[in-house]
**Q** 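Next up is a structure, given as C-alpha cells.
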There are 2 protein chains.
Amino acid sequence: MCELRDVLDRVGDKWSVLLMAILGGGPRRYSELRRAIDGISQRMLTLTLRSLERDGLVLRTVAPTTPPQVSYELTPVGKTLSTEVSTLIRWAERHREYVSVSRRIYDAK
Amino acid sequence: MCELRDVLDRVGDKWSVLLMAILGGGPRRYSELRRAIDGISQRMLTLTLRSLERDGLVLRTVAPTTPPQVSYELTPVGKTLSTEVSTLIRWAERHREYVSVSRRIYDAK
DNA sequence: CAGGATCCTAGTGGATACTG
DNA sequence: CAGTATCCACTAGGATCCTG
C-alpha cells in the first residue's frame, strides 16, 4: 500500500508533474529547466530532480566539460508515468467548470 | 492551470483517494468510514469529506432521525475521477518493483 | 553552470476534549 | 452518532548566500 502513497505523493507534490511535462519534450539542462519553470527555487528544482532520479523516472547526465553541462531526460518508465498523469490532466480540463460551479454553490451557504 | 493544481493536490492529499476508493463500493456512513480507514483522525475525515463535497465529488445525505444518520456517496463525476485515479494505482502496482530497485541502486552510492 | 548549505515560515495533519 | 474547537508538531518549500 505504501508504494501507492509514493506515487500519489509524487503526483501531488508541487513540481514533479510540471517538470515531467517539460522533460516530455526531450532532454533539458538545469538552467533551461530553471528558466522554463517560473517561480521554482533552485533548492526545489534540485530536490525534485534528485527525487525523480532516485525513483528511476529521470536520467541525469553530466558532460565532463568546464563549466559542467548537466542534462536531464525522462527514462522509459518516466515516460509511462507522464502519460498516465496526462489522462488526469484531461480529466481536470473536462471537469473544471463543474468543480468551480459546485464550489460556488457550496460556498453560497 | 490552477484547476490542474486543484486536481493534483486532491490526488496527493493524504486521504481523498483512499476515501473515494471506499465510497466506490457504495454509500457509507460517517462511523463506517472512520472504522474502515485505519489511522484517520476525526478532524481529517470531516475536513476531507467537506472538501470532496464542496467540489461536487461526494454527496452528503442527512437522515432526520435521532441520533442523526449521515451517509456519503460518490457523485457521478466523483466516480469518473475515481476511475481515472485507479489507472494511476495500476501504474503504481506495475512499477513498484522498478521504483524500489531504482532507489536501492541510487542509495547505494 | 549547476548546485550545496542554512535559515525561516506557512500550511498539513495528529491528539485531545467537548457538543447537539 | 456525527461532528466542532483548540492546540501542537512536523514538513514542504521559499529566500538567501556560498562553491567547484
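In what follows, chains are A, B, ... by sequence order, proteins preceding strands, each numbered from 1.
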**Q** Determine the sole option in Leu45(B), Thr46(B), Leu52(B) for which the side-chain contact (heavy atoms from CB on, under 4.5 Å) test with Thr48(B) is passed.
**A** Leu52(B)
**Q** Apply side-chain contact (heavy atoms from CB on, under 4.5 Å) to the pair Leu81(B) and His95(A), showing each step before the final yes or no.
**A** CA-CA 9 Å; Leu81(B) 178 54; His95(A) 296 93; over 6 Å; no
**Q** Might you point out which heavy atoms bring Gly56(B) and Thr75(B) nearest each other, and give the distance in Å?
**A** O-OG1, 2.7 Å
**Q** Over how many whole Å does the gap from Trp15(B) atom CH2 to dT12(C) atom C1' extend?
**A**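 In whole Å, dT12(C) C1' lies 12 Å from Trp15(B) CH2.
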**Q** Distance check needed: dG3(C) C1' versus Glu53(A) CD, whole Å only.
**A** 13 Å
**Q** Please list residues of residues 33-50 of chain A whose heavy atoms come under 4.0 Å from any atom in DNA chain C, ordered by number; otherwise none.
**A** Gln42(A), Arg43(A), Thr46(A), Arg50(A)
**Q** Which heavy atom of Thr80(B) sits nearest to which heavy atom of Val77(B), and what is that distance?
**A** OG1-O, 2.6 Å
**Q** Nearest of dG3(D), dG3(C), dC1(C) to any side-chain atom of Tyr72(B)?
**A**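 For the Tyr72(B) side chain, the nearest candidate turns out to be dG3(D).
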**Q** Using the side-chain heavy atoms of Tyr30(A), tell me which of these nucleotides is nearest: dC1(C), dG14(D), dG3(C).
**A**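 For the Tyr30(A) side chain, the nearest candidate turns out to be dG3(C).
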**Q** Between Asp13(A) and Pro67(A), which has a closest nucleotide on DNA chain D that is more 5'?
**A** Asp13(A)
**Q** Could you state the interatomic distance from CG (Leu4(B)) to CZ (Arg90(A)), rounded to the nearest 0.5 Å?
**A** 12.5 Å
**Q** Whether Arg103(B) and Asp107(B) form a salt bridge (side-chain N of Lys/Arg under 4.0 Å from carboxylate O of Asp/Glu) is what I want to check.
**A**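 Result for this pair is no, no salt bridge flagged.
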**Q** For Arg29(A) and dC1(C), is the shortest distance between a side-chain N/O and OP1 or OP2 below 4.0 Å?
**A**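 So the side-chain polar atoms of Arg29(A) never come under 4.0 Å of the phosphate oxygens OP1 or OP2 of dC1(C).
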**Q** In whole Å, what is the span from the CZ atom of Arg60(A) to the P atom of dC1(C)?
**A**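 Taking atom P of dC1(C) as the reference, CZ of Arg60(A) is at 16 Å.
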